[in-house]
Amino acid sequence: MSPFDNPSSSVSRLEASLPCDWQNIRAAKSLAEAKRTELRNALTGLDSEDTSIVVSGSLARDEFTKGSDIDWSLLVDGSADPKHHDLRRKIGELIRPLMTKPPGREGTFAATVFSHDLVHEIGGENDTNQNTTRRLLLLLESRAVGRDDAYRRVTRHILSRYLQEDRGLWRSSRYHVPRFLQNDFARYWRTITVDFAYKIRDRAGQGWAIRNMKLRMSRKLIYVSGLLACFCCHFKFAGDPQVFTDPGRNKEVAEYLQELFDMTSLEIVAHVLVDMPHLAGAARKIFDSYDGFLGIIADEDKRKRLEELKEEEAEKDGVYQEVREYSHVFMSGLLEFFFDIESGMNELTKNYGVF
Amino acid sequence: MMRAHRLQAVELSALRENELVPLLNDLDSLDLHQFSYVSIHAPSEFSAAQEPTIRDLLKGQLRRGWPIVMHPDTIHDFELWRDFGPLLAIENMDKRKPTGRTAHQLASIFEKLPNASLCFDIGHARQVDPTMTEAYLILRRFGGRLRQVHVSEVNTRSKHDVLSYSSILAFQEVADLIPLPVPLILETPLTESQMQIEIEKVGSALPVEQNVAVA
């Protein structure tokens with residue numbers, strides 16, 4: 001059975017309704033599921049009610065390809081224990097044979113992450129680039145492999161902070177978009193774009209093309225899904241605005257967002273588009289181009305080409321130009337979607353996405 | 001000690017399997033007249049082979065009209081307990097237990113025991129999810145089944161402790177979903193000198209009628 005035969009998959013429903021054939025998206029999802037099963041089997045018994053082994057990146061987004069790395073961390077939400085250090089090393093030892101390349105250099109992954117900074121340090125000087133990244137990736141592209149008790153507690157805590165401290169959300173107003181959360185998504189997205197320039201400089205241009213394409217596609221997609229999840233709060237409760245004014249019901253908003261963030265970024269986008277048939281053209285652009293992008297990333301030769309390509313060679317490089325074209329179509333689809341008048345997306349985008 | 005505080009609810013606990021028979025043997029001789037609400041806590045662990053005997057022993061007490069509090073993870077054969085009806089109170093579990101912790105997990109248990117009631121352990125619910133979203137979901141979904149509430153702070157080692165300021169604030173978040181006069185059963189081991197302070201803390205966290213029901 002194809003993974004997209006699952007009737008709960010919005011991507012599958014959208015694919016069938018257009019109709020389209022997104023074979024690279026399907027293949028990446030299938031590979032991600034297989035790799036997560038492999039990890040789960042290898043790591044059985046290492047997690048607990050206070051520790052979750054969390055994967056991020058393409059493996060969590062269901063966009064895994066043969067060249068993908070495994071971004072993982074040990075999330076601790078419980079008493080400090082010196083043995084957590086040994087546990088992290090053990091997990092690393094067991095994951096290493098399953099990896100095709102080492103995790104990123106920034107130290108964000110393959111690390112022990114404690115819940116306190118993620119929950120308490122939102123904004124301010126102690127909210128480092130690394131802390132922001134870990135916190136927002138936990139919401140936008142992560143999954144627990146194995147026991148998810150700690151993972152669920154922490155993500156709920158983080159959402160609870162963003163929502164409870166959002167003064168505007170709980171007042172009667174025209175729009176009900178969690179602006180505190182949305183602002184942090186926007187900040188994270190802009191941080192990634194600035195860090196792109198930093199990393200290119202720091203690494204003397206090495207890996208420029210692949211980073212550029214990931215920025216235009218997969219990194220942009222997770223921002224899009226975060227922004228969309230915030231907009232979904234407005235659409236979801238448009239007929240039931242009391243949820244925002246009745247203090248006894250505000251946990252329903254947190255629960256709804258948690259359900260959304262349990263989906264992958266592509267699923268969140270499809271979840272909205274599948275109910276907006278007038279945006280079929282935009283949906284095709286977004287998903288066709290993303291499918292094409294994943295096809296290139298999954299092609300070992302093309303991926304290698306992008307990894308090694310020098311900036312000055314890009315204009316004449318066929319692979320780069322192919323994926324660049326996908327990124328333009330992707331952007332065009334997103335603009336049609338987010339500035340659509342009929343659905344009201346344009347008003348939300350103007351009010352929350354611009355200023 | 002309980003008389004001095006004019007408590008009206010009590011739970012008689014046989015958490016260990018070997019405590020059950022002595023407790024049941026003593027029931028007729030216990031002076032429980034001050035209590036308007038009495039429940040029995042069934043053993044928290046027994047084998048499948050012991051289950052029919054324990055079920056028969058507890059079924060013999062149903063004539064008293066006292067709810068029997070059960071941990072859902074102890075049940076091997078749900079059919080055996082179905083005819084207890086609403087006098088079987090299923091308790092939501094702490095984070096160590098494999099099931100019965102969340103509203104979603106409780107739903108599958110209540111499917112098997114459609115008439116059972118709920119013993120809501122607010123300390124367990126907070127330990128599982130300190131944002132109290134899970135507590136909210138349990139009460140919103142199963143509030144109609146609510147028979148009694150277990151109150152305590154459940155610490156990181158899953159032990160019952162006195163209420164902290166944080167737990168009081170957390171409990172207040174769902175207090176409106178606990179209707180009066182649902183009996184509140186205080187599970188924290190207390191000395192006599194701690195009792196009044198703890199009762200006052202419970203009163204600041206949850207709705208407690210005058211003269212009611214903390215034990």
Side-chain angles (χ1 to χ4, degrees), chain A residues 44-45 47-52 75-81 84 114-116 118-120 122 138-139 144 146-166 170 181 240 242-243 245-262, chain B residues 71 73 92-107 120-144 146 153-159 161 164 166-167 169-180 205-207:
Chain A
T44 300
D47 43 18
S48 70
E49 67 262 27
D50 290 340
T51 56
S52 290
L75 177 64
V76 179
D77 182 44
S79 307
D81 182 348
H84 288 146
F114 297 94
S115 58
H116 288 243
L118 299 177
V119 173
H120 289 286
I122 302 182
L138 212 54
L139 295 182
R147 287 195 67 163
D148 67 354
D149 309 50
Y151 173 76
R152 293 252 157 241
R153 284 198 304 274
V154 176
T155 51
R156 269 191 172 145
H157 265 315
I158 293 170
L159 276 177
S160 166
R161 278 219 52 201
Y162 282 118
L163 296 178
Q164 296 304 318
E165 296 171 31
D166 191 323
W170 308 108
L181 177 63
D240 184 17
Q242 289 82 5
V243 79
T245 51
D246 178 353
R249 295 184 61 201
N250 59 32
K251 292 187 191 310
E252 290 177 37
V253 181
E255 194 55 18
Y256 173 64
L257 274 173
Q258 177 99 43
E259 283 170 18
L260 282 180
F261 291 129
D262 280 345
Chain B
H71 288 183
D73 62 307
N92 59 298
M93 294 285 87
D94 66 43
K95 65 182 183 179
R96 294 170 306 172
K97 298 296 172 64
T99 189
R101 293 167 294 155
T102 65
H104 182 70
Q105 291 169 344
L106 287 170
F120 178 58
D121 192 312
I122 195 167
H124 286 170
R126 175 173 176 258
Q127 189 207 35
V128 168
D129 174 17
T131 70
M132 300 305 278
T133 304
E134 205 58 61
Y136 172 80
L137 295 173
I138 291 171
L139 288 168
R140 191 183 63 178
R141 194 157 173 189
F142 304 115
L146 189 59
E153 168 137 353
V154 180
N155 65 24
T156 52
R157 290 173 295 114
S158 296
K159 301 294 181 199
D161 211 333
S164 64
S166 303
S167 60
L169 291 180
F171 292 178
Q172 286 170 348
E173 290 189 39
V174 292
D176 287 348
L177 297 174
I178 298 173
L180 289 170
L206 294 170

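Per chain, numbering begins at 1; letters A, B, ... match sequence-line order.
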With a 4.0 Å cut-off, would you call A:R156 and B:D129 a salt bridge? yes

Answer with side chain, backbone, both or neither: which region of A:R147 has an atom nearer than 4.5 Å to a non-hydrogen atom of chain B? side chain

So, the part of B:L177 with a heavy atom under 4.5 Å from chain A: the answer is neither

Short side-chain to backbone donor-acceptor contact, B:K95 and A:D50, under 3.5 Å: no

Top contributor to chain A interface from B:T133, B:V174, B:V128 [non-hydrogen pairs under 4.5 Å]: B:T133

Heavy-atom distances under 4.5 Å only: say whether A:E252 touches chain B with side chain, backbone, both or neither. both

Flag the one option from A:R249, A:E49, A:Q164 with the top tally of heavy-atom pairs under 4.5 Å to chain B. A:E49

Could you tell me the separation between the CD atom of B:Q127 and the CG atom of A:D149, rounded to the nearest 0.5 Å? 9.5 Å

Measure the shortest side-chain to side-chain distance between A:K251 and B:R140 over non-hydrogen atoms and say whether it is less than 4.5 angstrom. no

Is any side-chain heavy atom of B:T102 less than 4.5 Å from a side-chain heavy atom of A:R152? no

